[in-house]
Engineer: 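My questions will all concern the structure given below.
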2 protein chains.
Amino acid sequence: MSTEPADNARPLRADAVRSRALLMSAARDVFAVRGTEASVAEIAQAAGLGKGTVFRHFAHKDDLVVAIVDEMVDDLVATTEQLLHADDPAEGLRGFMTAGIELQVHNQAFCDVAAGAAVRQHPVLRGKIARLESAVEALVDRARRAGAVRDDITGQDVMLLLTGVYQTAAPMLPESPEIWKRYLALTFDGLQPAAARPLPA
Amino acid sequence: MSTEPADNARPLRADAVRSRALLMSAARDVFAVRGTEASVAEIAQAAGLGKGTVFRHFAHKDDLVVAIVDEMVDDLVATTEQLLHADDPAEGLRGFMTAGIELQVHNQAFCDVAAGAAVRQHPVLRGKIARLESAVEALVDRARRAGAVRDDITGQDVMLLLTGVYQTAAPMLPESPEIWKRYLALTFDGLQPAAARPLPA
DNA sequence: ACCTGAACACCGTTCAAGT
DNA sequence: ACCTGAACACCGTTCAAGT
């Protein structure tokens, strides 16, 4: 529940609950379009709040970014766990990669964080990313057992490739919004057992 | 000659020549370590100059970034043209990708710009990147004719994969500085004719 | 408790004053 | 011509003053 304050906090007063909801909603919209570089003043204005209020709810701008991105990673974890039951294990894995890349295509803030913005190191986000990674590990295990991916591929590889495939396509996306499908397909070909040549340690 | 001012400029006075050399040298060092987010004040101080002097030589911080990155792309173009004569066409192509990725590993500013910092759109840099791309196109053509890469791969693909492979490895580099070799190998496997399955349009 | 805007130390950029 | 630092409009963050 990232829309809630820290676990040990007392209940919020009614006006604070309202401020917080307005803030989260504005932050979702503004970050999605303008990325993590959107200013706190910009978000405060979109929420109809003073910027002091933003810092009352989130001590640092990064904490706000984390709260928003955390929600998105939650969604991605849920999607991943559903894909674990896909009929075709290979399609399950491809479905995860498609979801992760489309998230980057449609949300600038997620894209910034995935690409390695400093917020990545935030403890809350690190924990959530670890949860995602274990879900992905299960997805990869299943695909591997079905012979759909080579033996030497790990869940971490697939996680890292999520950013890699998106960043490969990124410079061309304004002109060719679907170009990421090309690089996802190319990457997927490299994951096939048929393509396997020994990888360096 | 990116250490020189614009083509149509009058010759610089002796003190300006010295300032410019100090500035370029400091910018090379500072940008390499701290990336494009290093402040102009930081570079001015490293050069022993007032920051007003920086803006006298480069009207915008971005122009200074471009001048420095431009030099690095020049070096990469030269490397690429030499690799065109490598004994093994596949090794020539792999050599280019290795050089491009190592540049990102060792130089934070190059890495920032390759990853899509706004400076990428600067006309001077766009031109230089286009030159690099045609050199890479020749390298790919040669590898394709030798049957070392699949038919549907272009020079642009290889250019884009340079960032992609680096960004895949980026989160792990502090712990595993050689991990990029794993993803380069994996990507290279995907480029093999044996791995080829039709790519989306 | 909570909200707010003025104040602070930064940033890139401009420019008047010095040589 | 060239160099410089003070001044400006931004940024994230703090905090005294208000309810």
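So that the names make sense, note that chain A is the first sequence line, chain B the second, and so on, each numbered from 1.
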Engineer: Take atom CG of L22(B) and atom C1' of dT4(D), then tell me their distance rounded to the nearest Å.
Structural biologist: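 To the nearest whole Å, that distance equals 15 Å.
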Engineer: Quick one: does K51(A) reach the base of dT13(D) with a side-chain donor-acceptor pair under 3.5 Å?
Structural biologist: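 Checked by distance alone, the answer is yes.
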Engineer: Taking the side chain of D15(A) as its heavy atoms from C-beta onward, which of dC3(C), dA1(D), dT13(C) lies nearest to it?
Structural biologist: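 Within the option list, the nearest is dC3(C).
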Engineer: In whole angstrom, what separates D63(A)'s CG from dG12(D)'s C1'?
Structural biologist: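 Roughly 12 Å, once rounded to whole Å.
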Engineer: Looking at the side chain of L49(A), which of dC3(D), dC11(C), dT4(C) is the nearest nucleotide?
Structural biologist: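 Nearest to the side-chain atoms of L49(A), counting from C-beta on, is dT4(C).
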Engineer: For dC2(C), give the paired nucleotide (Watson-Crick: N1-N3 plus N6-O4 or O6-N4; G-U: N1-O2 and O6-N3; both under 3.5 Å), or none.
Structural biologist: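 Partner of dC2(C): dG18(D).
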Engineer: Find the distance Q45(A):CD to dC3(C):P and express it as a whole number of Å.
Structural biologist: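 Distance check: Q45(A) CD to dC3(C) P gives 18 Å.
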Engineer: Using the closest heavy atom to pick a nucleotide of DNA chain D for each, name whichever of V54(B) or R13(B) lands nearer the 5' end.
Structural biologist: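 Checking each residue's closest nucleotide, the 5'-ward one belongs to R13(B).
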Engineer: When you measure from the side chain of D112(B) to the backbone of G35(B), do you find a donor-acceptor pair of N or O atoms at a distance under 3.5 Å?
Structural biologist: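 A pair under 3.5 Å: no.
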Engineer: Between atom CZ in F58(A) and atom P in dC3(C), what is the gap in whole Å?
Structural biologist: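 These atoms are roughly 12 Å apart.
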Engineer: When the distance from NZ of K61(A) to P of dC11(C) is rounded to whole Å, what number comes out?
Structural biologist: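 In whole Å, dC11(C) P lies 16 Å from K61(A) NZ.
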Engineer: Could you check whether T53(B) gets within reach of a base, just the sugar-phosphate, or nothing at all, counting any heavy atom under 4.0 Å?
Structural biologist: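 Base contact.
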Engineer: Select from H57(A) and A38(B) the residue whose nearest nucleotide in DNA chain C is closer to the 5' end of that strand.
Structural biologist: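 This one resolves to H57(A).
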Engineer: Can a salt bridge be assigned to the pair R18(B) and D15(B) using a cut-off of 4.0 Å between side-chain N and carboxylate O?
Structural biologist: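 No, no charged N to carboxylate O under 4.0 Å.
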Engineer: From C-beta outward on F55(B), which listed nucleotide comes closest to its side chain: dT13(C), dA1(C), dC3(D)?
Structural biologist: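 The answer is dT13(C).
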Engineer: Counting only side-chain heavy atoms from C-beta out, which of dC2(C), dG12(D), dT4(D) sits nearest to L12(A)?
Structural biologist: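 Ranking dC2(C), dG12(D), dT4(D) by closest atom to the L12(A) side chain puts dC2(C) first.
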Engineer: Quickly work out the R18(A) CZ to dA1(C) C1' distance and round it to whole Å.
Structural biologist: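 Between C1' of dA1(C) and CZ of R18(A): 16 Å.
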Engineer: Do H122(B) side-chain atoms and V124(B) backbone N/O form a donor-acceptor pair below 3.5 Å?
Structural biologist: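 Present.
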Engineer: Please state whether the phosphate of dT13(C), meaning OP1 or OP2, lies under 4.0 angstrom from any side-chain nitrogen or oxygen of H60(B).
Structural biologist: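 Yes, such a contact exists.
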Engineer: If you check every side-chain atom of R56(A), which of dC11(C), dC2(C), dC11(D) has the closest atom?
Structural biologist: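 The closest nucleotide is dC2(C).
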Engineer: Quick one: side chains of residues 158-171 of chain B, donor-acceptor pairs under 3.5 Å with protein atoms, not counting sequence neighbours, listed by atom name and distance.
Structural biologist:
residue, atom, partner, partner atom, Å
T168(B), OG1, G164(B), O, 2.7

Engineer: Applying the Watson-Crick and G-U wobble criteria at under 3.5 Å, what pairs with dA7(C)? Answer none if nothing qualifies.
Structural biologist: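 Base-paired to dT13(D).
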Engineer: Using whole Å, what does the distance between atom C1' of nucleotide dC11(D) and atom CZ of R34(A) come to?
Structural biologist: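 It works out to 12 Å between those atoms.
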Engineer: To the nearest angstrom, how far is I43(B) atom CD1 from dC11(C) atom C1'?
Structural biologist: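 Spelled out: CD1 on I43(B) to C1' on dC11(C) is 13 Å.
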Engineer: Need to verify one output field. Residue with the more 5' nearest nucleotide on DNA chain D, A41(A) or S19(B)?
Structural biologist: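 On the 5' side of the pair lies S19(B).
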Engineer: Assess whether a salt bridge exists between D157(A) and R182(B), defined as any Lys/Arg side-chain N lying under 4.0 Å from an Asp/Glu carboxylate O.
Structural biologist: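 Counted as a salt bridge, because a side-chain N and a carboxylate O are separated by less than 4.0 Å.
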Engineer: Is it true that a side-chain atom of K61(B) and a backbone atom of A38(B) form a donor plus acceptor pair closer than 3.5 Å?
Structural biologist: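 Checked: pair present.
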